[in-house]
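Chain letters run A, B, ... following the sequence lines, proteins first and then strands; every chain starts at 1.
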Amino acid sequence: MNPIEFSQRVLDWFDIHGRKQLPWKENPTPYRVWVSEIMLQQTQVTTVIPYYERFMARFPDIRVLADAELDEVLQLWAGLGYYARARHLHQAARILCARAENQLPLDMAVLQELPGIGRSTAGAILALASGQRQPILDGNVKRLLARFAAVEGWPGQSRVQATLWELAERYTPNARVADYTQAVMDLGAMICKPHQPCCEACPLIEHCAAYAQGRQVDLPTPKPRRELPVRTTQMLLLRAENGAVLLERRPPIGLWGGLWSFPECPMNADAATWCQERLGLMVMVGPPWEVIRHSFSHFHLDITPVPVTVTGYSQAVMEGERFIWHRDRHAVIGGMATPIHRLLVRRLKSAPDTQQLTIDL
DNA sequence: AAGTCGGGGAT
DNA sequence: ATCCCAGACTT
């Protein structure tokens, strides 16, 4: 879609629905916009407003700020978090006043040399307070553009971010940059929200790639979760001569609490020995099946299913609260986690492994 | 490229 | 609980 139409649609929407009551929008001098932009970094508008009012009442211009003690600045910042923002703001004010400039440099490169001002904040100050055609790329715009152009990948990734900057640059108009800049942020905050975006109310709906693919909720790509730990276990698919399979009820607390499962034996343990000692069963152990990975929110569980045939017993495994011999594939028993149920069905259908073992032996 | 800084709002 | 917020800076 051509940039003119993009910005036109965004501006038309802004003229009707945009936020225009924000404190920093009245008399948007570079200093007032600067302070607002710093406060708004990683902080929501409604949180910032009271802080901004107090701050501007005490430090109405850059010189007052530079003359103040850092402690007092931090005091007015207390509760906002990210206190390096306040230190940088104060430090930058002092730098400028020491240069006898007493005002923000309205130049992209020079602006970014000041502490606390990166590319996006510099762009916002210049676009909002001096009408320069400079793109911004805050969280709102990232989300909006990632969806609009269906940009794949987590925006924290440098390559993805570069793509988004390119898009931001492309769509930033020459005329009405200040309104446009406010408009894209409003659109991101009010319509193209992280969860439950209001696509029906979006002026870009007809040209939104994510919407066309029905992937609004999947974009932007969420931050990759850190590698989950892997736990391993053997599950013993014990079968008696009559075809019944042994199930064990899991402890009421913990993973799959109270559900039926297979007897579990640690990976480093020998299954035959374990059966003898823990179950009192003489068994033949078949070749393990392929590992099944079951994923939870906080770890992966790698299950090694081990087919085992009972050949005799020294003391019978009692049926009751804890163990049952299950033989009818269609019989309804208590709750069973999905991967366990699938394993059970496979085991009941599998050919007796005694033959296989006999051949091997 | 990944980690750090933070309190608060929304779901 | 988890995610996210008008990001920038350091390692």
Measure from CD on A/Gln44 to P on B/dG9 and round the result to the nearest Å.
8 Å
Which is more 5' along DNA chain C, the nucleotide nearest A/His88 or the one nearest A/Pro222? Just name the residue.
A/Pro222
Lys/Arg-Asp/Glu bridge criterion (N-O < 4.0 Å) met for A/Asp15, A/Arg176
yes
What's the closest nucleotide to the side chain of A/Thr46 if the choices are B/dG7, C/dC9, B/dG9?
B/dG9
Distance in angstrom units between A/Gln182 CD and C/dA6 P, rounded
11 Å
Pairwise P distance, B/dG6 and C/dT11 [rounded to whole Å]
15 Å
Specify the separation, in whole Å, of atom CG of A/Leu187 and atom P of C/dA6.
13 Å
Checking contacts here: which listed nucleotide (B/dG7, C/dC5, C/dG7) is nearest the side-chain heavy atoms of A/Arg143?
C/dC5
Expressed in whole Å, how much space separates the P atoms belonging to B/dT4 and C/dA6?
23 Å
Between C/dA6, B/dG9, B/dG6, which nucleotide gets closest to the side-chain atoms of A/Gln42?
B/dG6
So, OP1 or OP2 of C/dA8: does either fall under 4.0 Å of a side-chain N or O from A/Thr121?
yes
Hey, does A/Arg19 reach any base, or is it just sugar-phosphate, or nothing, if we go heavy atoms under 4.0 Å?
base
Decide if the gap between the ring center of A/Tyr171 and the ring center of A/Tyr180 is smaller than 6.0 angstrom.
no
Along DNA chain B (nearest heavy atom to each residue), the more 5'-positioned of A/Arg159 and A/Gln196:
A/Arg159
Separation of B/dA2 atom P from A/Gln157 atom CD, nearest Å, is 7 Å
Under-3.5 Å donor-acceptor pair between A/Thr43 side chain and B/dG8 base
no
Looking at B/dG9, C/dC4, C/dG7, which one has an atom nearest to any side-chain atom of A/Pro194?
C/dC4
Might you work through the salt bridge (charged side-chain N to carboxylate O under 4.0 Å, His left out) test for A/Arg32 and A/Glu26, ending with a clear yes or no?
CA-CA 9 Å; A/Arg32 288 173 55 81; A/Glu26 3 184 302; 5.1 Å; no
Please work out if A/Trp154 contacts a base, only the sugar-phosphate, or nothing of the nucleic acid, heavy-atom cut-off 4.0 Å.
nothing
Ring centres of A/His90 and A/Trp77 under 6.0 Å apart?
no
C/dA8 P sits how many Å from A/Asp138 CG, rounded?
9 Å
Just call it for A/Pro115: base, sugar-phosphate, or nothing, with non-hydrogen atoms closer than 4.0 Å on any strand.
sugar-phosphate
d(CG, A/Leu89; P, C/dA8) in whole Å:
13 Å
Taking the six-membered ring for Trp, are A/Phe59 and A/Phe55 closer than 6.0 Å centroid to centroid?
yes
